[in-house]
Structure formats: structure tokens, C-alpha cells
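Lettering of chains follows the sequences in order, A, B, ..., and the numbering in each one begins at 1. Given the structure is predicted, the values throughout are model-derived calculations rather than measurements.
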There are 2 protein chains.
Amino acid sequence: MDTTQRTDQQRSADRRRRELLEAADRVVLRDGPQASMNAIAAEAGITKPILYRHFGDKGGLYAALATRHTDALLASLRAALDAPAERRERVEATLDTYLAAIEARPQVYRFLMHPAEGGQTADQGFEAGKHSIPLLRRMGEELAQVIEERVDLGPNSQQLARVWGHGIVGMMHAAGDWWLGERPCSRAELVRSLADLLWGRLAAAGDKAGGPGF
Amino acid sequence: MDTTQRTDQQRSADRRRRELLEAADRVVLRDGPQASMNAIAAEAGITKPILYRHFGDKGGLYAALATRHTDALLASLRAALDAPAERRERVEATLDTYLAAIEARPQVYRFLMHPAEGGQTADQGFEAGKHSIPLLRRMGEELAQVIEERVDLGPNSQQLARVWGHGIVGMMHAAGDWWLGERPCSRAELVRSLADLLWGRLAAAGDKAGGPGF
DNA sequence: ACCTGCATGTTACTAGCGGTAACACTAGCT
DNA sequence: AGCTAGTGTTACCGCTAGTAACATGCAGGT
């Protein structure tokens, strides 16, 4: 039988793959999403064709890399989301977890949010809407699931939960992106403001004096 | 005086510029954000260097192109935002305006949301956060201004309004992007769900039976 | 010993990209 | 005439993603 042999080979291939991914990680951490295949290969101490044998094309490598970080981030988010606490507290913890992550490793964050975007070839498919950032989609679906599991939304709850999941994730993302660039306030303040928004403070607030109609 | 002469030249240059922009528009509409400078030049019936003389570099052309569409979209959004109606109604009208726009011209939408992303040179700066999509930022700031003008938020209103502006825009964007890809419901339903979210229905809803702690 | 198969690695190449230098032509002003 | 300014070209650079062809080292079978 050649099973043992094959297992050995597979193992060594997997190890190599992980090594390559770690090298790629280092380069992305240093150069951002513009990291070229040449640079990654050099960092790994090899040349391009090997990368292509392992990952197919740049998209494949980037997908593998993104999956890693995405999984890690999703795990922390799930922990915050599933904690045995009041809803408001859980929401704030989740927001804070996400913001802390992007604050700690902005390069990785930037990479995850702008993955494909190659240059010339491939990229087919298109189809308007297919382009969305995978991490955002996954977070949206994850959040939708938690909402549907734990919040009583009456009929049509599944669809409502999904809209909210993606909507809230988008809110978190956009606000975080803006905050990371301008740093207009502390993280805690941002978390509080966003939670306030989700808690309906916009609807509850009164009109300002000297309003419309004058 | 050379004023008339200069005016003539400027006029003709401006006309040429507009023609080139329209050609670029056609190409982007056809090829998406991957449209190459060569393709745009060919569509305009000229060659690359002329494009570069007019717009500096690819970023310049794309910025000019994006400004056009962004201005148009922002104008409609402002109209919906400033209408003399109840707040909820205005919010729903704004959401619907945005969603209708991205539904009608998904290619343009995709282009606006993924502008830069060149390939090799330039792109310096980086600085984590600088990369955000201009359209989103502008919409966020616009909304923040309207919120601050018309809603009474007590002290620190400016900062709160900005957080909310960017957050709400992000929510709209992410939900719209997901919706455009999966089409899980009608536009009206989506608008209603998002408005419900902003109106605090998440906070108001009860826990689901069989909740945590068991 | 020898040959076969397979994974790993290389060099050298293609095609296309963004961007630029150098040159040709036309128009109007002095 | 001559000078300047704008429009246009061809031909090139350096870079990218991706590939073909060739070399090497290590299993196992005969």
C-alpha cells in the first residue's frame, strides 16, 4: 500500500504550505495588501512558481491567508457574542472586540477588507454584488444567526435577523474605518455611541430648535 | 490682453476633458473598475499620454470620474434628507434613494466602492484608514451634518452625529451590498427593516424562549 | 546496480499593466 | 519669419501575475 507514503507526503506538503502562509503573513503585515508574489516568495526563501503550485494563483493565496485571520477574528467575536450577559453588554463587548482587533493590526485589517483587486487578468464573474468583502459577509451571517437564536422577532424573524446582521456589521465596519483614520475619540466612547444608536436614541431624540418650515 | 485667448483655450480643454470623461464612463460601465487606461484611451479615439496630460495619473482620472457620480448621488440623497417630513419618513426615503441608485447602476456602484486598487507604483501613504472609499466618507459626513442640524443630541452633539453618520451610512452600504447580491426580499422590505433597526427594535425585542443560562 | 515516478526547486519567458520621454504637427501672437 | 503652447504620436521602462521547460533529490520496484 502506498497510504503511509502518501500520508507522509501530504503531511510535508501541509507543513510547507503553512510555512509559506506564515511568510506571506509577514510580508502582508509589512507591505499591506500590495504585497507581490515575488516579495512573498523571497520572504519564504523560494521563487514564484512554488507559490503557484501550492495556491494556484494570487487569489488562492490571499483567500487562504484571509481565511486564517478571519477565523481568528470570528472566534473572538463569537466569544463576546455568546457571553452570558445582558444584551446591551454583549453588543458593547462585541463592538469593542472588533474595534480592538482593527486597532491592534491595521495592516491585517486593511488586507482583509481589500483582498482581490488584482490588476489585469482573472477577476471574471463580476455580477455586481459578488465582490463584497468575504469577512464582512461572514461576520454578517454570524451575527444574523446569533440574533435569530437569541432575540424574539416575531414572524419573518430569519430575514429580519439577516438584514440586521449585515447592517450592524456594516455600521461597525464603516464607523471603525473612519475612527481608525481620524481618531476623533476614544474606543470606549465610540462603542458607547454606536450602542446608543442601536438602542434607538436617534428615534428618541427631539427635533432641534429652529427646525424646518421656517 | 490674452484673457479671451486663454478663455478659449481653457474652454476647449474643458470640453475635451468632459469628452474624455464620458468615454471613460462608457468603458467603466462596460468593463467595471478594471478598465485600463489603454482601453479608455482607445474608446476616446486617442492614446494614453493624452489621458495622462489631462488627469495626471489613473487615480486622477478615477477621482474625476467618481466625483461626478458621487455628486449626483449626493444631490439626490440631500433632497431626500432635507425634505420637510417626519424623521422616520425622511430616513426611509433616504435609504430607498440610495438603494434604488445602486440597484439601477450596479457597475457604477461597484466602481465607486472600489476605486484606487491600482497595481504597482504609487499608492504610498497608506497610513491605515486613509484608504476608505471616498463616497462612503462623503455620505457619512453629509449625514452627520444633517443629523447635527436637525436632531437635538445634547452635549457633544457634533461628535455623536459624526459617529452616527458614518455608522448609518455603513449600515446602509453593507446591507445594500448584501441585498444586491442575494436579493432576499424587496427593496421596500429592506428599507423598512433597516429603519426598524435604527428605531431601536433590537433593544425593544424580548429574549427568545430557551435563552441563555440553561 | 538501474530505471521510473514524483515532488521540489530553478531560470527564463510571455503578456499586460501604469507611466514617461522624445518627437511631429498645427495654431495664433509678436 | 520665429516663438510658444497645445494636441497628438511611437517607442520605451519597470513592474506585475502567471507559465513552460529544465534540473535535482528521494522513494520503490525490477
Run the salt bridge (charged side-chain N to carboxylate O under 4.0 Å, His left out) test against B:Arg68 and tell me which residues pass, sequence neighbours left out. B:Glu22, B:Asp25
Separation of A:Met37 atom CE from D:dC15 atom P, in whole Å? 18 Å
Mind calculating the distance between OH (A:Tyr62) and C1' (D:dT16) to the nearest angstrom? 11 Å
Apply side chain to side chain donor-acceptor pair (under 3.5 Å) to A:Asp96 and list each qualifying residue two or more places apart in sequence or on a separate chain. A:Arg187
Which nucleotide, C:dG19, C:dC17, D:dG18, lies nearest any side-chain atom of B:Asp57? C:dG19
Starting at atom CG of A:Asp14, determine the distance to atom P of C:dA7, rounded to an integer number of angstrom. 13 Å
Do B:Thr70 and B:Leu112 touch side chain to side chain, with heavy atoms closer than 4.5 Å? yes
Report the relative orientation of the aromatic rings in B:His166 and A:Trp178; use parallel for angles under 30°, tilted for 30 to 60°, perpendicular for over 60°. parallel
Roughly how many Å is it from CG in A:Asn38 to P in D:dT19, rounded to a whole number? 15 Å
Between A:Arg53 and A:Ser36, which residue's closest nucleotide on DNA chain D lies nearer the 5′ terminus? A:Ser36
From CZ of A:Arg16 over to C1' of C:dG9, roughly how many Å is that when rounded to an integer? 10 Å
Tell me: CD of A:Glu19 to P of C:dT8, nearest whole Å? 11 Å
Applying salt bridge (charged side-chain N to carboxylate O under 4.0 Å, His left out), name anything that partners A:Arg53, two or more places apart in sequence or on another chain. none
For residues 161-174 of chain B, the salt bridge (Lys or Arg N to Asp or Glu O under 4.0 Å) pairs (sequence neighbours left out) are A:Glu182-B:Arg162, B:Glu141-B:Arg162
Using salt bridge (charged side-chain N to carboxylate O under 4.0 Å, His left out) as the criterion, list what pairs up with B:Arg192, not counting sequence neighbours. none
Listed by chain and number, what are the salt bridge (charged side-chain N to carboxylate O under 4.0 Å, His left out) partners of A:Arg88, not counting sequence neighbours? A:Glu92, A:Asp196
Can you give me the bend angle of the helix from C:dA1-D:dT30 to C:dT30-D:dA1? Use the axis through the first five pairs and the one through the last five, nearest 10 degrees. 30°
Rounded distance in Å - OH (A:Tyr52) to C1' (C:dT14): 13 Å
Please table the atom pairs, donor to acceptor, closer than 3.5 Å between any side-chain atom in residues 37-52 of chain A and protein atoms at least two apart or in another chain.
unit_1, atom_1, unit_2, atom_2, d
A:Glu43, OE1, A:Arg30, NH2, 3.2
A:Glu43, OE2, A:Arg26, NH1, 2.5

Counting only heavy atoms and a strict 4.0 angstrom limit, can you tell me which residues of residues 40-51 of chain A come near DNA chain D? A:Lys48, A:Pro49
